[in-house]
Asker: 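First the structure, then my questions, so here it is.
Values reported hereafter were calculated over all heavy atoms of this structure, with side chains retained and with hydrogens, waters and symmetry mates removed. Start at 1 and go down the list; that is how both ligands and their atoms are numbered. Fair warning: this is a prediction, and the values are worked out from it, not measured in the lab. Just so you know, residue 1 is the first one in the sequence shown, and it goes up from there.
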Amino acid sequence: MQSPRTNWAGNYAYGARTIVRPASLEEAQEAIAAAERIGFLGSRHSFNAIADSDVLMLFDGLPEVVEVDRRARTVTVSGGMTYGALATALAREQVALANLASLPHISVAGAIATGTHGSGVANGSLATGVAGIQLIRGDGELVWLSRGDPGFDGCVVGLGALGAVVRVSLDIEPAYEVRQRVWEHVPLADVLAGFDEVMSLGYSVSLFTRWAGDIGQVWVKSRVSAGQPEAPVDLPGGTPATGNVHPLPGLDPVHCTPQMGVPGPWFDRLPHFRLGFTPSNGDELQSEFMVDRRHAPAAIEALARVGEVIHPVLHISEIRAVARDALWLSPAYERDTVAFHFTWQRDQRRVEAALASVHDALAPFESRPHWGKVFLADRVAVGSLYPRLGDFVALTERYDPRHAFRNEWLDRIVFGTDS
Ligand SMILES: Cc1cc2nc3c(=O)[nH]c(=O)nc-3n(C[C@H](O)[C@H](O)[C@H](O)COP(=O)(O)OP(=O)(O)OC[C@H]3O[C@@H](n4cnc5c(N)ncnc54)[C@H](O)[C@@H]3O)c2cc1C
């Protein structure tokens, strides 16, 4: 079997000596029980060593599962399935998920394991849509946990440390339509004066900036109410875009989802990029930091003050909202959250230099880094950021007493021990 050598962005080369691709759940269970150290790989979209191990398991050989249960309002899917493939299957069934991340190419298990999110003041991360999860533990046994079960809140954002996620049940709702409109050149002062109001202009709102002046674009995605005319949205100070735009100024919007208020299916409006479009193989790095939304204006001002350091190595920043949740290692744990995302040029050394300033700027706000992106580990005291970390560690001891799922990254950053 051809083995994946690097992550999607190419900034991390996996050190794993062996790749296993089980063709059945039984094979996966046997391989896990037999492995001394084993990790789990989704679509390789993380930007750090979180997924690495001596042996890496891939899930693309397992039979694909998509089971819609209309009474329970859930769909049960194989963990390795991508959101893009799932959306296509759900469209046929006329049902939908509540939200999506910015791209559909990521796997369900990989996305929920890291707390991946879209935007919306009332929308939790994708992990909050998980109603049930099936894992293979360190002893090879299968366990199913449903929302409300003891330990469930600890194992959804599980960082791959609790076992192989082979099935996931996700909440569904009737299919809906969304329209999006974009405003350009919104003065920073206006956003600072009414941050919550701006983020509440639609179902999902994203702000794009290069930290060198105004907020370049505000994308407002609103759900369409059947038979109702579009609710007027006013963004004083901003200029409504006169055609489709790309978040990066000047780039052709051909791969962007349609804007200008044209209604379309949820999966073709909630991500910024179209389903069928395959993004280039990662000429970028990404970082993201999550802060309590009450601190959003102060945090924006702090980042703007170091804009000169950020700007030269940045493609674009996106500011999003994530609703609070109760998942122990979720970056939105018990905090209505503002997420500051950075798409960097692919220059690890210069990015890390800029990141030192970002960490310092956000330090007063106890920012939580995105688990799957680039951050400076020595600036992150995970124990103080996650009140339930001790319970998470205890849960991993139950699911993985031989520490087969641990790796150097988890030991250093999460468990606070060295391999
Ligand atoms: C272009 C791009 C756009 C992105 N957009 C967003 C965004 O909009 N919002 C956001 O929050 N993040 C975003 N991300 C980050 C991305 O969502 C996360 O890195 C996510 O974890 C990627 O999922 P994956 O399937 O590639 O996981 P991987 O990178 O393969 O793995 C990530 C983690 O999941 C675990 N894992 C994977 N599969 C399993 C399994 N079956 N069982 C147990 N554990 C498993 C791994 O062990 C590892 O700990 C983006 C990344 C890229 C490259």
Side-chain angles (χ1 to χ4, degrees), residues 4 6-12 14 16 22 28 32 38-53 56-60 62 77-84 99-119 123-127 133-137 155-168 204 206 247 270-273 277-290 315 318 320 322 329-332 337 339-344 346 369-374 399-400 405-407 409-410 413-414:
T6 68
N7 63 347
W8 173 87
N11 69 314
Y12 182 80
Y14 297 107
I32 287 171
I38 185 163
F40 312 111
L41 208 49
S43 57
R44 298 180 292 119
H45 281 74
S46 293
F47 291 85
N48 58 38
I50 185 171
D52 209 354
S53 192
L56 274 179
M57 180 172 282
L58 269 65
F59 296 86
D60 49 3
L62 290 176
V77 301
S78 12
M81 191 171 192
T82 65
Y83 277 95
N99 211 355
L100 288 170
S102 71
L103 90 171
H105 307 78
I106 49 176
S107 79
V108 172
I112 64 173
T114 58
T116 288
H117 60 89
S119 191
N123 294 327
S125 77
L126 302 185
I133 189 165
Q134 188 178 40
L135 295 143
I136 305 175
R137 295 188 313 210
C155 74
V156 182
V157 181
L159 315 180
L162 288 151
V165 174
V166 285
R167 298 239 168 120
V168 184
S204 168
S206 290
L270 292 174
H272 307 318
F273 298 100
F277 161 61
T278 306
S280 69
N281 255 11
D283 190 20
E284 65 186 60
L285 298 177
Q286 295 185 9
S287 304
E288 193 163 25
F289 298 91
M290 268 58 85
H315 285 306
E318 181 175 6
R320 290 179 279 187
V322 190
L329 289 199
S330 163
T337 289
F340 295 105
H341 165 86
F342 302 81
T343 300
W344 306 105
R346 223 195 95 181
H370 192 305
W371 294 112
K373 301 189 179 180
V374 182
Y399 280 68
D400 178 31
F405 303 147
R406 297 202 179 183
N407 62 22
W409 190 94
L410 289 167
I413 289 162
V414 179

Asker: Please assess Leu103 against His45 for the test side chain to side chain contact (heavy atoms under 4.5 Å, CB included), listing each intermediate value before the final yes or no.
Answerer: CA-CA 10 Å; Leu103 90 171; His45 281 74; 3.9 Å; yes
Asker: With heavy atoms of Gly160 as the reference, note each atom of ligand 1 found under 4.0 Å away.
Answerer: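 Near Gly160, meaning under 4.0 Å from one of its heavy atoms, ligand 1 has 44 (N), 47 (O), 49 (O).
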Asker: How close do Leu100 and Tyr83 get, heavy atom to heavy atom, and via which atoms?
Answerer: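 Where Leu100 meets Tyr83 most closely, the heavy atoms are CD2-CD2, 3.8 Å.
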Asker: Please state whether Ala164 comes within less than 4.0 angstrom of ligand 1, counting heavy atoms only.
Answerer: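 Ala164: in contact with ligand 1 (<4.0 Å).
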Asker: Please step through side chain to side chain contact (heavy atoms under 4.5 Å, CB included) for the pair Asn48 and Tyr12, ending with a clear verdict.
Answerer: CA-CA 6 Å; Asn48 58 38; Tyr12 182 80; over 6 Å; no
Asker: So between Ser46, Pro104, Pro331, whose heavy atom ends up nearest atom 28 (P) of ligand 1?
Answerer: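 Considering heavy atoms of Ser46, Pro104, Pro331, the nearest to atom 28 (P) of ligand 1 sits in Ser46.
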Asker: May I ask you to check whether Ala101 has an N/O atom sitting below 3.5 Å from an N/O atom of ligand 1?
Answerer: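 No; the residue has no nitrogen or oxygen that sits under 3.5 Å from a nitrogen or oxygen of the ligand.
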Asker: Does the N or O separation between Ser107 and ligand 1 drop below 3.5 Å for any pair?
Answerer: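 Ser107 vs ligand 1: N/O contact under 3.5 Å present.
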Asker: Do Trp371 and Val414 pass the side chain to side chain contact (heavy atoms under 4.5 Å, CB included) test, and can you show the C-alpha distance, the side-chain angles, and the key distance before you say yes or no?
Answerer: CA-CA 10 Å; Trp371 294 112; Val414 179; 3.9 Å; yes
Asker: Pairs of nitrogen or oxygen atoms closer than 3.5 Å, one from Gly79 and one from ligand 1: do any exist?
Answerer: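 By distance alone, the answer is no.
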Asker: Answer yes or no for Lys373: is there a heavy-atom contact with ligand 1 below 4.0 Å?
Answerer: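 Per 4.0 Å heavy-atom rule, Lys373 contacts ligand 1.
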Asker: Give the C-alpha distance, both sets of side-chain angles, the deciding distance and a yes or no for side chain to side chain contact (heavy atoms under 4.5 Å, CB included) between Thr337 and Met290.
Answerer: CA-CA 6 Å; Thr337 289; Met290 268 58 85; 3.4 Å; yes
Asker: Just to be sure I read this right, does ligand 1 sit under 4.0 Å from the backbone of His272, its side chain, both, or neither, counting only heavy atoms?
Answerer: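 For His272, there is no contact with ligand 1 at all, from either part.
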Asker: Find all atoms of ligand 1 within a distance of less than 4.0 Å from any non-hydrogen atom belonging to Phe47, and give their numbers and elements.
Answerer: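 The list of qualifying atoms is 51 (C), 52 (C), 53 (C).
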Asker: Pick, from Val166, Thr116, Leu162, Leu126, the option with the minimum heavy-atom distance to atom 17 (O) of ligand 1.
Answerer: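 Shortest heavy-atom distance from atom 17 (O) of ligand 1: Thr116.
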Asker: Which of the atoms in ligand 1, numbered in the order shown and given with their element, are less than 4.0 Å from a heavy-atom of Gly163?
Answerer: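 Matching atoms, with element in brackets: 42 (N), 43 (C).
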Asker: Would you kindly specify which portion of His370 sits under 4.0 Å from ligand 1, judged on non-hydrogen atoms: side chain, backbone, both or neither?
Answerer: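 Side chain only.
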Asker: I want to know whether Phe405 and Phe40 have ring centres closer than 6.0 Å.
Answerer: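 Between Phe40 and Phe405, which both carry aromatic rings, the centre distance is below 6.0 Å.
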Asker: Are Thr343 and His341 close enough that a side-chain donor and a side-chain acceptor fall under 3.5 Å?
Answerer: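 Yes, side-chain donor-acceptor contact under 3.5 Å.
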Asker: Which of the atoms of ligand 1 are close to Ala113, meaning less than 4.0 Å from one of its heavy atoms?
Answerer: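 It comes down to these atoms of ligand 1: 34 (O), 35 (C).
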Asker: Is the closest side-chain heavy-atom distance between Thr82 and Val108 below 4.5 Å?
Answerer: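 No; the side chains remain at least 4.5 Å from each other.
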Asker: Which atoms of ligand 1 sit under 4.0 Å from any heavy atom of Gly42?
Answerer: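 Checking each atom against Gly42, I get 25 (O), 28 (P), 30 (O), 37 (C), 38 (N).
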Asker: Where the side chain of Ser119 meets the backbone of Ser204, is there a donor-acceptor pair that is under 3.5 Å apart?
Answerer: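 Not a single qualifying donor-acceptor pair exists.
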Asker: For ligand 1, is any non-hydrogen atom under 4.0 Å from His117's backbone (N, CA, C, O), its side chain (CB onward), both, or neither?
Answerer: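 Both of them.
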Asker: Would you say Met57 contacts ligand 1, with heavy atoms under 4.0 Å as the rule?
Answerer: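 No heavy atom of Met57 comes that close to ligand 1.
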Asker: Show the nearest heavy-atom pair for residues Asn407 and Ala49, with the distance to one decimal.
Answerer: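 Heavy-atom minimum between the residues: ND2-O, 3.7 Å.
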Asker: Using a 4.0 Å cutoff against the non-hydrogen atoms of Ser102, which atoms of ligand 1 qualify?
Answerer: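 In order of number, 3 (C), 4 (C), 5 (N), 6 (C), 7 (C), 8 (O).
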Asker: What part of Trp371 sits under 4.0 Å from ligand 1 if we count only heavy atoms: the side chain, the backbone, both or neither?
Answerer: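 No part of Trp371 comes within reach of ligand 1.
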Asker: Would you say Ser78's side chain and Gly80's backbone share a donor-acceptor pair under 3.5 angstrom?
Answerer: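 A pair under 3.5 Å: no.
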Asker: With no hydrogens and no angle check, do the side chains of Glu284 and Gln286 hold a donor and an acceptor under 3.5 Å apart?
Answerer: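 Result is yes, a qualifying pair exists.
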Asker: Trp344 and Ser287: side-chain donor and acceptor closer than 3.5 Å?
Answerer: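 Indeed, the side chains of Trp344 and Ser287 share at least one donor-acceptor pair under 3.5 Å.
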Asker: Taking distance alone, with no angle check, do Val165 and ligand 1 share an N/O pair under 3.5 Å?
Answerer: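 So ligand 1 has an N or O lying under 3.5 Å from an N or O of Val165.
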Asker: Is ligand 1 under 4.0 Å from a heavy atom in the side chain of Thr114, in the backbone, in both, or in neither?
Answerer: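 The answer is the side chain.
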Asker: Going by the order shown, which atoms of ligand 1 are within less than 4.0 Å of some heavy atom of Ala109?
Answerer: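 Every atom of ligand 1 under 4.0 Å from some heavy atom of Ala109: 38 (N), 39 (C), 40 (C), 41 (N).
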Asker: With a heavy-atom distance limit of 4.0 Å, tell me whether Ala111 approaches ligand 1 through its side chain, its backbone, both, or neither.
Answerer: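 Contact part for Ala111 vs ligand 1: backbone (N, CA, C, O).
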